[in-house]
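Working notes, beginning with the structure itself.
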Amino acid sequence: MKVFEPKILTLFKEYSKKQLLSDLIAGVIVAIIALPLSIALAIASGVSPEKGLYTAIIAGFVISLLGGSRVNISGPTAAFATIVAGIVFDFGLDGLVIATLLAGAMLILLGILRVGTLIKFIPKSITVGFTAGIAVTIVIGQIKDFLGITFPQGTHAVETSEKLTAIINNISTVNWLALLVGALSLAILIAWPKLSKKIPGSLIAVLFGTLLVLFTGLEVFTIGDLYTISSDLPKFSFPSLTGEKVVALIPSAFTIALLAGVESLLSCVVSDKMIDDKHNPNTELIALGVGNICSGLFGGIPATGAIARTAANVRNGGRSPISGMVHAIVLLLVLVLLMPYAALIPMPVIASILFIVAYNMSEWREFLHIIKEKHWADTLVLVLTFVLTVVFDLVVAIITGLILHYLIFFIRKGITAYKNKKSPAIIEEDLALNEVIDPEEKALAFDSVEGLPLNQDDNSEL
């Protein structure tokens, strides 16, 4: 397998007009799903709404064009929200661009060094732990807007614990009208998939909430009250670099690169099972790196493969990178023609969408399954990774989880080998077969339009 061989170069010999039509339709549908999510995830990341679209447009197009998967859809995802918000608060937008560029360079290097194949050695207990931790941080971060709580000017609420403290201290400022709008939106997001599987519930919730506030005059904060929205095309901008700032942002860039690589390759593994194909992980990492660099240079935020949007692409007929590129082009048209209307969207609606996102990505069933059915060591790694993700940050959580997991693993296998006189070759084989990401289980967990399990057969978003 070559280090860099974009999938699009291998498909055109067998490409047909019929498949082109299917890819066009799938691209449009995925764009409709991605539209409200891109806006919501940008806001959750502490940046203006259009930057979410910039990311889906630029990174989505570039990664599809250069990537090692036929159907992977890339863009902003919930996993980055807390990380990006922290970078913006500490270093500003320039710092975010620098971190994104550094992360892109790291991803390219990882692809060149053929690190993509090592994803099979990431234990499931760690991926479930940090995913659930990220979900909790998203929920806590959105309580303020869902309840319409007002923080006093100058309140420092960036870390999850700080946000929770500020919410508790200002709970008396709850806006009951905001809660009403948020609750109705949440009800739509839960109920709509049972009525229709073609139109995403997030789009219906946005339309309903916007019209409700617009025509009733409810005093609820909207996106336009808090952000200045632009429908301008993305513009090239290079950040001002200083050695001190670059060094300070390396840990954040490493976090972005690590999470982007894991999430994107996991998405590829899931989609391979759905279309009976095999992606090139190193090509995907290189494309992911180039896509993130382009996103950063043109005003976007970090991007990675979105498992659920990819599943929606496959289910609606997408079978080539063309569908991902079409999804980006459709979002570009939306940006130019419709973006000003996003100012009317109420903030409680955005919060309700992100609540559903957090629920779907939490993998709470798998979390409980590991606790109930797996070895105590898996439970220990799971809970520790989860707690560290919520209390500290993702890098600390993942590195600590990996060290603990493999320390316990080698101790256990060493004892077993000593007792049974096992050869090192057998221990190495056990390592490869250890409790790691199971593509088939992951496909079931995420095989819906945007995140809920297959057997619930609905249209939720991630």
Side-chain angles (χ1 to χ4, degrees), residues 37-56 58-59 75-104 106 134 137-145 151 153-164 166 221 223-230 232 234-242 244-260 292-304 342 347 350-351 354 357-358 389-390 392-396:
L37 290 177
S38 298
I39 293 172
L41 292 169
I43 292 173
S45 300
V47 298
S48 55
E50 71 274 5
K51 291 187 180 296
L53 289 184
Y54 290 171
T55 308
I58 297 167
T77 65
F80 288 126
T82 302
I83 300 167
V84 172
I87 295 172
V88 172
F89 185 87
D90 292 333
F91 299 97
L93 291 177
D94 250 19
L96 176 60
V97 175
I98 294 171
T100 306
L101 297 181
L102 289 173
M106 291 177 186
I134 291 171
T137 63
I138 290 172
V139 169
I140 293 174
Q142 295 306 308
I143 292 174
K144 172 181 177 291
D145 288 331
F151 289 171
Q153 189 172 0
T155 299
H156 186 281
V158 178
E159 300 296 332
T160 301
S161 58
E162 294 171 340
K163 291 177 181 177
L164 193 56
F221 279 127
I223 292 178
D225 294 326
L226 304 179
Y227 299 91
T228 300
I229 297 180
S230 171
D232 294 340
K235 294 182 178 64
F236 179 86
S237 177
F238 197 82
S240 58
L241 297 175
T242 63
E244 183 180 357
K245 185 177 286 188
V246 170
V247 171
L249 284 164
I250 287 177
S252 297
F254 176 76
T255 305
I256 293 170
L258 180 64
L259 187 56
N292 272 279
I293 289 173
C294 293
S295 178
L297 291 175
F298 285 90
I301 60 178
T304 187
M347 293 302 295
I350 296 295
L354 291 170
V357 167
T389 300
V390 176
F392 293 102
D393 63 53
L394 194 61
V395 172
V396 172

[X] vs [Y] side-chain heavy atoms within contact, under 4.5 Å:
X      : Y      : value
Met106 : Ile250 : yes
Ile223 : Ile39  : yes
Asp145 : Ile350 : no
Pro302 : Val84  : yes
Ile58  : Pro234 : yes
Leu164 : Thr160 : no
Leu241 : Asp94  : no
Leu93  : Pro239 : no

What closest approach, in Å, do [X] and [Y] show between heavy atoms, and which atom pair accounts for it?
X      : Y      : answer
Gly52  : Pro76  : O-CG, 3.7 Å
Gly46  : Ala85  : N-CB, 4.5 Å
Ala260 : Thr304 : O-OG1, 2.7 Å
Ala303 : Phe80  : C-CE1, 3.8 Å
Tyr54  : Phe298 : CD1-O, 3.7 Å
Ala99  : Ile256 : CB-CD1, 4.2 Å

Side chain of [X], backbone of [Y]: donor and acceptor closer than 3.5 Å?
X      : Y      : result
Thr55  : Ile301 : yes
Ser230 : Asp232 : yes
Ser38  : Leu53  : no
Ser48  : Ile229 : no

[atom2] on [Y] to [atom1] on [X], rounded to 0.5 Å:
X      : Y      : atom1 : atom2 : answer
Leu101 : Phe238 : CG    : CZ    : 6.0 Å
Phe91  : Leu249 : CZ    : CG    : 4.5 Å
Leu259 : Ile83  : CG    : CD1   : 5.0 Å
Met347 : Leu226 : CE    : CG    : 5.5 Å
Glu159 : Ile140 : CD    : CD1   : 11.5 Å
Ile87  : Ile98  : CD1   : CD1   : 10.5 Å

| Where do Lys163 and Thr137 land on the side-chain contact (heavy atoms from CB on, under 4.5 Å) test, with the steps shown first? | CA-CA 9 Å; Lys163 291 177 181 177; Thr137 63; over 6 Å; no
| task | Answer yes or no: are there more than 12 heavy-atom neighbours, outside Phe89 itself, under 6.0 Å from its atom CZ? | result | yes
| request: Decide if atom OH of Tyr227 counts as having more than 12 heavy atoms of other residues, nucleotides or ligands within a radius under 6.0 Å. | output: yes
